[in-house]
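Report on the following structure.
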Amino acid sequence: MGKFPKFAAQNKAMLQLQTIRENKENIIIALKKRNIDAAPILSKVIELDEKRRSIQTELDNTLAESNKLSKEIGMLFKSGKAQEANALKEKTAGLKEASKQLGDDLNATATALQEELYLIPNIPHDSVPAGNSEEDNEEVFREGDVPTLTENALPHWELAKKYDIIDFELGVKITGAGFPVYKGKGARLQRALIAYFLDKNTEAGYTEMQVPLMVNEASGYGTGQLPDKEGQMYHVQADDLYLIPTAEVPVTNLHRDDILAESDFPIKYTGYTPCFRREAGSYGAHVRGLNRLHQFDKVEIVRMEHPNNSYQALDEMVEHVKNILRELKLPYRILRLCGGDLGFTSALTYDFEVFSTAQDRWLEISSVSNFETFQANRLKLRFKDENGKSQLAHTLNGSALALPRVLAGILENYQTENGIKIPEVLVPYCGFDTID
RNA sequence: GGAGGAAUGGCAGAGUGGUCGAAUGCGGCAGUCUUGAAAACUGUUGAGGGUCACACCUCCGGGGGUUCGAAUCCCUCUUCCUCCGCCA
């Protein structure tokens with residue numbers, strides 16, 4: 001009878017139910033940092049879970065009984081006692097009816113439970129500060145000199161036009177707003193940055209991957225973009241595929257449904273992909289130029305880790321991104337995101353921001369996060385621990401780095417009266433040292 | 001796009017209505033032997049739900065159906081392979 005308990009058996013909870021059952025009060029306290037009162041939803045979840053389990057038990061018993069009868073019928077037929085067999089058959093009708101009903105109930109309950117669970121965000125790490133908005137993020141590090149620019153220093157969108165390296169209007173013509181066209185040295189600088197980032201990442205032990213730019217629904221659920229950020233992704237309806245909003249989605253999903261060995265850790269990937277984001281409703285001065293786009297390039301790093309090691313891995317990723325920014329000689333700071341600004345799926349996130357001198361503001365260029373078991377639970381990404389038991393792995397990712405704002409930072413901070421200087425480490429990749 | 005074939009445990013591969021959660025081989029793990037290793041031999045080895053622990057239940061690509069009973073029969077979807085067509 002492979003019909004009914006499918007959903008219950010393959011519970012795709014984001015928080016594990018057992019964790020919720022055992023730590024309800026702690027979870028409520030932790031989620032307060034996100035300004036969420038989780039008490040009602042957790043109560044509902046626990047109630048639905050209890051209901052689900054009691055229906056399951058009842059169904060199991062019914063199935064056990066009808067399995068037993070079926071076996072007896074089989075034996076009777078074999079030994080030629082057809083009449084007795086037929087008599088038993090009649091007894092199974094009621095059981096069949098009952099298991100059908102119970103199966104339907106179970107599915108309905110499991111689905112309702114699932115829907116509730118999908119609404120609960122990840123539990124913030126202890127170090128996450130409480131807070132409502134980006135104002136409450138905590139600066140934990142700052143480095144690099146802010147250059148002194150000339151009087152008539154320009155923001156990057158002016159520089160892009162002046163040197164004819166990025167054409168926003170042309171992008172509007174062929175696609176729409178937020179799809180810039182990079183031209184000549186601008187295009188070359190993009191390519192140089194991608195190559196440079198990939199080289200830095202592979203040197204640090206990340207394996208380069210080229211992955212699909214469209215993903216199916218299961219992948220979207222796996223990393224948590226669905227159902228939370230449904231409206232953020234471009235959806236190709238004819239084929240029911242989503243354009244990726246970040247390489248995190250396809251790269252992390254490489255290990256969906258995997259059961260790893262402990263010796264497989266650490267798993268470290270890097271990948272360059274364009275990223276597509278609808279950014280519905282974002283307009284205004286802060287999204288000018290390269291500040292916010294519908295299509296942009298990003299080089300991502302992704303790790304799968306043993307739970308004991310994931311915070312050390314997070315630190316390594318932070319150090320790694322720092323190194324890159326040091327080499328580029330860009331002034332930057334690191335923020336620990338507060339509960340109110342923390343992404344739905346993340347337990348702890350460090351944002352890197354580069355200072356745009358000409359715009360006189362900080363631009364986010366990297367976001368490095370530990371998801372702990374949140375994604376792994378949806379992905380069914382597990383490993384065998386030393387006792388041979390399956391445990392959820394931890395997943396992490398970070399941008400190393402997002403191109404447009406790095407480019408904006410370079411253009412603005414490296415501008416001189418004689419053109420834009422190319423950061424030293426990029427010159428070999430560009431083949432020129434000035435844009436003029 | 002058209003015509004056929006296939007999908008089983010980490011891998012390979014049996015299994016065409018009942019005692020099959022599934023033979024066998026390889027791989028993995030543990031042990032014997034060995035100073036150690038290899039070889040050989042012995043044992044063990046899928047995932048999930050449920051339970052204090054058992055019991056018990058579910059899963060043979062996904063979904064649905066037939067039947068007292070489905071890996072096995074039917075429908076449907078997906079994926080892969082072969083041939084044809086098209087094509088960077």
Side-chain angles (χ1 to χ4, degrees), chain A residues 1-22 45-46 48-111 113-114 117 210 212-222 236 238-241 253-264 267 373 376-393:
Chain A
M1 282 219 175
K3 298 154 198 167
F4 315 118
K6 188 124 285 173
F7 220 139
Q10 301 187 357
N11 191 321
K12 289 193 220 159
M14 18 181 102
L15 287 173
Q16 291 178 94
L17 276 166
Q18 204 185 340
T19 313
I20 293 177
R21 269 185 241 148
E22 289 166 6
V45 162
I46 288 170
L48 282 168
D49 178 48
E50 275 166 13
K51 188 175 169 199
R52 198 218 86 222
R53 279 185 296 155
S54 90
I55 296 173
Q56 175 100 55
T57 304
E58 209 180 326
L59 175 62
D60 284 359
N61 293 338
T62 310
L63 290 177
E65 202 175 327
S66 78
N67 285 345
K68 210 173 109 199
L69 280 176
S70 290
K71 273 184 189 168
E72 283 174 30
I73 291 169
M75 304 267 252
L76 288 171
F77 272 124
K78 253 192 182 162
S79 52
K81 297 174 184 163
Q83 217 171 2
E84 288 178 45
N86 283 321
L88 270 188
K89 269 196 197 180
E90 289 175 20
K91 284 177 71 177
T92 62
L95 291 174
K96 230 183 153 179
E97 187 68 23
S99 47
K100 171 100 179 85
Q101 184 59 50
L102 286 167
D104 290 347
D105 288 354
L106 182 63
N107 265 343
T109 309
T111 304
L113 175 59
Q114 194 58 49
L117 285 169
Q210 282 196 12
L213 305 182
M214 289 196 242
V215 295
N216 56 31
E217 191 180 52
S219 294
Y221 275 94
V236 181
D239 298 285
D240 197 19
L241 296 172
N253 272 280
L254 291 172
H255 289 288
R256 174 149 49 85
D257 291 326
D258 274 2
I259 301 181
L260 305 165
E262 278 191 318
S263 56
D264 291 330
I267 294 174
T373 60
N377 195 30
R378 295 176 158 217
L379 291 159
K380 295 270 156 278
L381 168 53
R382 292 155 291 172
F383 68 95
K384 290 275 189 202
D385 65 19
E386 67 265 30
N387 302 316
K389 300 258 279 178
S390 292
Q391 265 194 58
L392 293 172

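In this text, all values refer to a predicted model and were calculated from it rather than measured experimentally.
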Interatomic distance at [atom1], [N] relative to [M], whole Å:
| N | M | atom1 | answer |
| --- | --- | --- | --- |
| A12(B) | G27(B) | P | 15 Å |
| A3(B) | A70(B) | C1' | 30 Å |
| U8(B) | C81(B) | P | 14 Å |
| U19(B) | G25(B) | P | 23 Å |
| C56(B) | G17(B) | P | 27 Å |
| G28(B) | A39(B) | P | 9 Å |
| A14(B) | U32(B) | P | 37 Å |
| U78(B) | G62(B) | P | 15 Å |

When every non-hydrogen atom of A376(A) is compared with those of A393(A), the smallest separation belongs to CB-O, 3.1 Å

Pairing partner (Watson-Crick or G-U wobble, both distances under 3.5 angstrom) of G10(B):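 C26(B) is the nucleotide pairing with G10(B).
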
Counterpart base for A40(B), defined by Watson-Crick or G-U wobble contacts under 3.5 Å: U32(B)

Among residues at least two apart in sequence or on other chains, which ones pass side chain to side chain donor-acceptor pair (under 3.5 Å) with [X]?
| X | answer |
| --- | --- |
| E262(A) | H306(A) |
| R256(A) | S219(A), N253(A) |
| E22(A) | Q18(A) |

note: K71(A), atom NZ; A70(B), atom P; distance rounded to Å ~ 12 Å

Starting at CG of D239(A) and ending at P of C77(B), how long is that distance when rounded to a whole Å?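 Whole-Å distance recorded here is 16 Å.
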
Nearest to the K96(A) side chain among U67(B), C56(B), G48(B), which nucleotide is it? U67(B)

If you check the T92(A) side chain, which of C68(B), U58(B), G48(B) turns out closest? C68(B)

With sequence neighbours excluded, residues passing side-chain contact (heavy atoms from CB on, under 4.5 Å) with Q391(A): P307(A), F383(A), D385(A)

Taking side-chain contact (heavy atoms from CB on, under 4.5 Å) as the test, write out the residues that go with N61(A), two or more places apart. T57(A)

Between the base of G49(B) and the side chain of D60(A), is there a donor and acceptor pair under 3.5 angstrom? yes

Would you mind classifying the nucleic acid contact of L69(A) as base, sugar-phosphate or nothing, using non-hydrogen atoms under 4.0 angstrom?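 Answer is nothing: L69(A) stays at 4.0 Å or more from every strand.
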
Where do N or O atoms of nucleotides 72-75 of chain B meet protein N or O atoms at under 3.5 Å, pair by pair?
none

